[in-house]
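Heads up, the thing below is written out as structure tokens.
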Amino acid sequence: MQKDYKQWALGLITGRVLFDAPLRHFTSMKVGGPADALLFPKNRDELKKAVRYARRKKIPVLILGNGTNLVVKDKGVRGWIINLTQGMKKVEMEGEVVEAEAGSSLQRLVQFSVQKGLTGLEPFSGIPGTVGGGVAMNAGAWGAELKDVLLSVTFMKEDGEITERARSKLRFSYRGLAIPSSWIILKGKFGLKKGKKKEIRERVKSYLEMRRRKQPLDYPSAGSVFKNPKEGPAGKWIEESGLKGFRIGQAMVSERHANFIINLGKAKAEEVIRLMEFVEKKVHEGKGISLEREVKVVGES
Ligand SMILES: Cc1cc2nc3c(=O)[nH]c(=O)nc-3n(C[C@H](O)[C@H](O)[C@H](O)COP(=O)(O)OP(=O)(O)OC[C@H]3O[C@@H](n4cnc5c(N)ncnc54)[C@H](O)[C@@H]3O)c2cc1C
């Protein structure tokens with residue numbers, strides 16, 4: 001990227017700007033090369049300045065949440081990466097409606113609702129992403145999806161205009177939300193119900209316990225690699241294909257949960273991606289099932 005672009009990013013916002021920051025430090029899989037520039041706008045005005053500027057100068061923009069559903073390639077990402085976790089993370093409530101900004105963590109939102117005695121978000125306990133990433137991915141667990149509790153989502157378009165859309169006007173799917181690629185999620189409004197604090201807390205505890213039992217949380221990963229196909233859980237097909245424990249370099253199909261690829265320490269993105277491709281091929285050959293990726297692969301190799 002031209003040097004100038006970097007300087008311009010600096011002068012544009014008062015929030016932090018990092019250059020050539022290795023994205024493995026900003027993703028849960030712990031792989032990936034540098035971002036040309038990583039911007040942390042402090043508020044909507046700064047975000048607006050950045051996206052309008054990027055649009056004018058044709059700088060590619062990628063929004064990064066907690067990086068828990070991403071595999072960043074080894075040569076990193078060109079252009080600007082924008083992260084909302086430092087300035088845009090307010091969580092507020094009015095009656096039984098909770099509003100959370102995109103940069104807030106989903107776990108903070110869950111904890112907030114527990115403290116306020118509001119029920120509805122318990123199944124999302126332990127999902128490590130942000131509210132923005134959760135809405136973009138329509139994150140879900142134990143049969144629940146975020147769209148079930150969303151009332152509306154507020155977006156910023158590439159010209160900086162802000163628009164709020166009711167859930168009924170949004171096209172959510174299994175682990176996805178169809179919006180123009182330039183739209184940025186700013187905030188979600190969640191419709192919850194009053195409940196008994198003790199019972200809500202107990203449910204959160206039991207969901208976290210189930211997660212700890214089933215998932216390899218002691219290694220870096222990006223969560224489930226593949227979507228569950230209509231034929232049944234992806235993990236079952238991967239396990240039946242004999243792939244649990246299969247390794248390419250430092251990337252390994254988890255022994256505990258076959259739909260997780262874990263980083264044994266120093267994996268390269270290239271190893272993770274080759275392993276994903278190998279799993280896809282084996283499951284297709286052996287079971288006739290085409291696995292679709294849930295994780296997003298970004299950047300240059
Ligand atoms: C151990 C582990 C367990 C997991 N368990 C689950 C689970 O049970 N269920 C589940 O659904 N997922 C799970 N995940 C995956 C992941 O946590 C979710 O997909 C989460 O919602 C991603 O949020 P994020 O902030 O990390 O998004 P990122 O990974 O940073 O980004 C994901 C996508 O969302 C886009 N995005 C992020 N923020 C915005 C925004 N503000 N506006 C527009 N686009 C945006 C990004 O550009 C990218 O395309 C798990 C991951 C791990 C590591």
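Counting starts at 1 for both ligands and their atoms, following the listed order. Quick caveat: nothing in here was measured; it's all calculated off a predicted structure.
The contact set between ligand 1 and Gly132, taken as ligand atoms under 4.0 Å from a residue heavy atom, comprises 38 (N), 39 (C), 41 (N). Each of the following atoms of ligand 1 lies closer than 4.0 Å to a heavy atom of Gln215: 3 (C). Atoms of ligand 1 found under 4.0 Å from any heavy atom of Gly140, numbered from 1 in the order shown, are 7 (C), 8 (O), 9 (N), 10 (C), 11 (O). Numbered from 1 in the order shown, with element, the atoms of ligand 1 that lie under 4.0 Å from a heavy atom of Gly134 read 21 (O), 23 (O). Those atoms of ligand 1 that come under 4.0 Å of a heavy atom in Leu217, given as number and element, are 1 (C). For ligand 1 and Ala102, the ligand atoms under 4.0 Å from any heavy atom of the residue are 41 (N). Atoms of ligand 1 lying under 4.0 Å from any heavy atom of Ala139, numbered from 1 in the order shown and given with element: 11 (O), 21 (O).
Only the side chain of Ile127 comes within 4.0 Å of ligand 1, judged by heavy-atom distances. With a 4.0 Å heavy-atom cut-off, ligand 1 is reached by the side chain of Ala136 but not by its N, CA, C or O. At a 4.0 Å heavy-atom cut-off, ligand 1 does not touch Val135 at all. Contact annotation for Ser224 and ligand 1: no heavy atom of the residue comes within less than 4.0 Å of the ligand.
Taking 4.0 Å as the cut-off, Glu145 does not count as a neighbour of ligand 1 on heavy-atom distance.
Residue Lys296 has no nitrogen or oxygen atom sitting less than 3.5 Å from a nitrogen or oxygen atom of ligand 1, judged on distance alone. No N or O atom of Ser28 sits closer than 3.5 Å to an N or O atom of ligand 1. Of the polar atoms of Gly65, at least one N or O is found under 3.5 Å from an N or O of ligand 1, judged by distance alone. At least one N or O atom of Asn69 sits closer than 3.5 Å to an N or O atom of ligand 1. Ligand 1 has an N or O atom lying under 3.5 Å from an N or O atom of Arg211, backbone or side chain. Looking at Leu106 next to ligand 1, no N or O pair under 3.5 Å apart turns up. Backbone and side-chain nitrogen or oxygen atoms of Ala222 are examined, and none is located within less than 3.5 angstrom of a nitrogen or oxygen of ligand 1. For ligand 1, the polar-atom distance check against Gly67 finds a nitrogen or oxygen pair separated by under 3.5 Å. By the 3.5 Å distance cut-off applied to N or O atoms, Trp183 is not counted among the residues near ligand 1.
The structure places CZ of Phe172 at 4.5 Å from CG of Leu177, a figure rounded to the nearest 0.5 Å.
For the residue pair Thr68 / Asn66, no side-chain donor-acceptor distance below 3.5 Å is found, with atom types taken as modelled. With no hydrogens or angles considered, no side-chain donor-acceptor pair links Glu294 and Ser224 at under 3.5 Å.
At a threshold of 4.0 Å, the pair Glu300-Arg78 counts as salt-bridged, since one of the basic side-chain nitrogens sits closer than that to a carboxylate oxygen. Under the 4.0 Å criterion applied to side-chain N and carboxylate O atoms, Arg293 and Glu280 are assigned as salt-bridge partners. Under the 4.0 Å criterion applied to side-chain N and carboxylate O atoms, Glu255 and Lys244 are not assigned as salt-bridge partners. The pair Glu101-Lys89 fails the salt-bridge criterion, with no side-chain N (NZ, NE, NH1 or NH2) lying under 4.0 Å from an Asp/Glu carboxylate O. Between Arg274 and Glu270, at least one side-chain N (NZ, or NE/NH1/NH2) sits under 4.0 Å from a carboxylate O, which counts as a salt bridge. A salt bridge links Glu285 with Lys281: the distance from a Lys NZ or Arg NE/NH1/NH2 to an Asp or Glu carboxylate oxygen falls below 4.0 Å. At a threshold of 4.0 Å, the pair Lys198-Glu202 does not count as salt-bridged, since none of the basic side-chain nitrogens sits closer than that to a carboxylate oxygen.
Checked against Lys193 for a side chain to side chain contact (heavy atoms under 4.5 Å, CB included), the options Leu118, Val149, Thr119 give a single hit: Thr119.
Atom 31 (O) of ligand 1 has Leu70 CG, 4.1 Å as its closest protein atom, hydrogens excluded (heavy atom only). The protein non-hydrogen atom at the shortest distance from atom 22 (C) of ligand 1 is Thr68 OG1, 3.4 Å. The protein heavy-atom contact nearest to atom 33 (C) of ligand 1 is Met137 SD, 4.0 Å. Regarding atom 24 (P) of ligand 1, its nearest protein heavy-atom neighbour is Asn66 N, 3.5 Å. Protein heavy atom in closest approach to atom 47 (O) of ligand 1: Ile63 O, 2.7 Å. Closest to atom 43 (C) of ligand 1 among all protein heavy atoms lies Ile185 N, 3.7 Å. Counting only heavy atoms of the protein, atom 25 (O) of ligand 1 lies nearest to Thr130 OG1, 2.6 Å.
For atom 4 (C) of ligand 1, the nearest non-hydrogen atom from the set Gly133, Ala144, Pro128 belongs to Pro128.
Environment of NZ in Lys287: crowded, with over 12 heavy atoms of neighbouring residues, nucleotides or ligands closer than 6.0 Å.
Using a 4.5 Å cut-off on side-chain heavy atoms (C-beta onward), Arg44 and Thr154 make contact.
Nearest heavy-atom pair, Ile261 versus Ala251, reported as atom, atom and distance to 0.1 Å: CG2-CB, 4.3 Å.
Annotation: cation-pi pair Lys116/Phe112 present, NZ/CZ under 6.0 Å from the ring centroid and within 45° of its normal.
Ring geometry, Phe26 versus Phe40: the interplanar angle falls from 30° to 60°, so the pair is classed tilted.
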**Item:** Stepwise side chain to side chain donor-acceptor pair (under 3.5 Å) check, Gln107 with Ser125
**Value:** CA-CA 6 Å; Gln107 288 324 292; Ser125 306; 5.0 Å; no

